K.L.:
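Okay, here's the structure, questions in a sec.
What you see is a predicted model; the values in this text were computed from it and never measured. Chain naming here is simple, since letters A, B, ... match the order of the sequence lines and numbering starts at 1 in each.
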Protein chains: 2
Amino acid sequence: MARSSRLAVAEKREAVLDIAARLFRERGVEAVSVAEVMAAAGLTHGGFYGHFGSKEALAAEACTRAFGRNEARWTALAEDYADEGLAALLRSYLGPEHRDAPGAGCAAPSFAAEAARDAPEGGIRRAYAAGIRGLAGAIERLLPSSVRRRRRQRALLALSAMVGAVSIARAAGGDGISDEILQAVREELAG
Amino acid sequence: MARSSRLAVAEKREAVLDIAARLFRERGVEAVSVAEVMAAAGLTHGGFYGHFGSKEALAAEACTRAFGRNEARWTALAEDYADEGLAALLRSYLGPEHRDAPGAGCAAPSFAAEAARDAPEGGIRRAYAAGIRGLAGAIERLLPSSVRRRRRQRALLALSAMVGAVSIARAAGGDGISDEILQAVREELAG
DNA sequence: GGATATATATGATCACCATCATGGAATAAG
DNA sequence: CTTATTCCATGATGGTGATCATATATATCC
């Protein structure tokens, strides 16, 4: 109907991306329609292809954004609790709040299925791999300097266990084992 | 068109379940149509609702089946390599063959997204939780008796790391970090 | 062997969705 | 202030898919 100003256009695009990043993490890319994303941003579906080349392209960008926001939070957490090493991150990542709020949580568990089923050179897969590299590096930096050898391996173990624990805890939510897993992984990785 | 004998009916149902368990693990429940599952079993889509109440019910049964077959394989592996403890399982689970063949692989990474997004009392979620309990118990039994304390926690850490590593390795497949993660988690859990 | 029950094929239905086409209206440019 | 640009809303379009209805041929039962 009406044309928007340049600033408004850029803002809308950002809003669409943020909303897509949330909805895709909550319910998966396939279960969310383009029209729904646009509606949640206060638009109709028609203008979508002016902003993004395809739904797949949106998903790839949303994946990158979700990873980016996550890594930023990890870094902030590391600065706020510099003396704790991994502990602060483990508390936050393996807490029930994170398990129960996938829309605002880490992209690694949420986009894993989408990325795994993406094409070999697909955008989501690429975004995912880049995001994982970022998170792995962030954990490596958080490991105490007392961990000399196998620092990288330790970081990858921690990342895998964190992502796996949250994935399983979400999938088994409602069963007592969900909390048990979060707790166990937290204690084992901290110790 | 033609009616099948009782035995044939039971066999077809089993075949449909096995095929569904494979296709759902490979491509996710949403991406596989009922008609495709039936066609792969040599049937047409019409008879489906004579066997299963809904696609969702099929998915729940397929999930249970996939977990069951998996646990059986773990048990067999444990008997064949009784002296190795976890090592044999780690070799198999964290190998590239398992990463690259989700259709025949562990249900835990493949059904995680479906279960997490299932209803609070949904069938897939329930099947998933039961499956996880089974796998956790199997790992616990595999841990060497030298691990006295925190045996349960250790098992849950190992399970989480295994599932997380395969999930990430699949999602980042094509990037070098995929192999790196499998290798790192294997070494860390074994050591 | 005839009658009945039922598994399955064909085909319809209804809904959803990604993507494209068009037009109007406001904004940017001159 | 005029004019051209372009953002976006309305509305196809074409495809897909879950589920249901019906017909038919065959297995099971008596």
K.L.:
Using whole Å, what does the distance between atom P of nucleotide D:dA9 and atom CZ of A:Phe48 come to?
P.N.:
14 Å

K.L.:
Nearest of C:dT19, D:dC7, C:dT8 to any side-chain atom of B:Thr44?
P.N.:
C:dT8

K.L.:
For B:Glu187, what residues pass the salt bridge (charged side-chain N to carboxylate O under 4.0 Å, His left out) criterion, not counting sequence neighbours?
P.N.:
none

K.L.:
Tell me if a side-chain donor or acceptor on A:Thr64 pairs with a main-chain N or O of A:Ala60 at a distance below 3.5 Å.
P.N.:
yes

K.L.:
Show me the side-chain donor-acceptor pairs of residues 29-37 of chain A shorter than 3.5 Å, one per line, residues at least two apart or across chains.
P.N.:
| from | atom 1 | to | atom 2 | distance (Å) |
| --- | --- | --- | --- | --- |
| A:Ser33 | OG | A:Glu36 | N | 3.0 |
| A:Glu36 | OE1 | A:Arg27 | NH2 | 2.8 |
| A:Glu36 | OE2 | A:Arg27 | NH1 | 3.0 |
| A:Glu36 | OE2 | A:Arg27 | NH2 | 3.1 |

K.L.:
Is there any protein nitrogen or oxygen under 3.5 Å from a nitrogen or oxygen in nucleotides 3-6 of chain D, and what are the pairs?
P.N.:
| from | atom 1 | to | atom 2 | distance (Å) |
| --- | --- | --- | --- | --- |
| D:dT5 | O2 | A:Arg3 | NH1 | 2.7 |

K.L.:
Roughly, in whole Å, what's the span from CE in B:Met38 to C1' in D:dT19?
P.N.:
13 Å

K.L.:
Which sits closer to the 5' end of DNA chain D, B:Glu56 or A:His45, going by the nucleotide each is nearest to?
P.N.:
A:His45

K.L.:
Short question: side chain of B:Arg152, backbone of B:Glu140 - any donor-acceptor pair under 3.5 Å?
P.N.:
no

K.L.:
So, using ring pair (Phe, Tyr, Trp, His ring centres under 6.0 Å) as the criterion, who are the partners of A:Phe67 when residues are at least two apart?
P.N.:
A:Tyr128

K.L.:
Quick one: B:Phe52 CZ to D:dC20 C1', roughly how many Å, whole number?
P.N.:
18 Å

K.L.:
Any Lys/Arg nitrogen of B:Arg65 or B:Glu14 sitting under 4.0 Å from an Asp/Glu carboxylate oxygen of the other?
P.N.:
yes

K.L.:
Can you measure B:Leu58 atom CG to D:dT19 atom P for me and round it to whole angstrom units?
P.N.:
10 Å

K.L.:
So if I define the base as every atom that isn't primed, P, OP1 or OP2, how would nucleotides 13-18 of chain D read as a B/S/- string at a heavy-atom cutoff under 4.0 Å?
P.N.:
----SS

K.L.:
Which part of the nucleic acid, if any, lies within reach of B:Gly50 when heavy atoms closer than 4.0 Å are counted: base, sugar-phosphate only, or nothing?
P.N.:
nothing

K.L.:
Salt bridge check, B:Arg125 against B:Glu121: does any charged N sit closer than 4.0 Å to a carboxylate O?
P.N.:
no

K.L.:
Taking only Lys NZ, Arg NE, NH1 and NH2, and the carboxylate oxygens of Asp or Glu, determine whether A:Arg13 and A:Glu61 approach each other closer than 4.0 Å.
P.N.:
yes

K.L.:
Partners of A:His51 by ring pair (Phe, Tyr, Trp, His ring centres under 6.0 Å), sequence neighbours excluded?
P.N.:
none

K.L.:
Could you state the NE2-C1' distance from A:His51 to D:dA9, rounded to the nearest angstrom?
P.N.:
12 Å

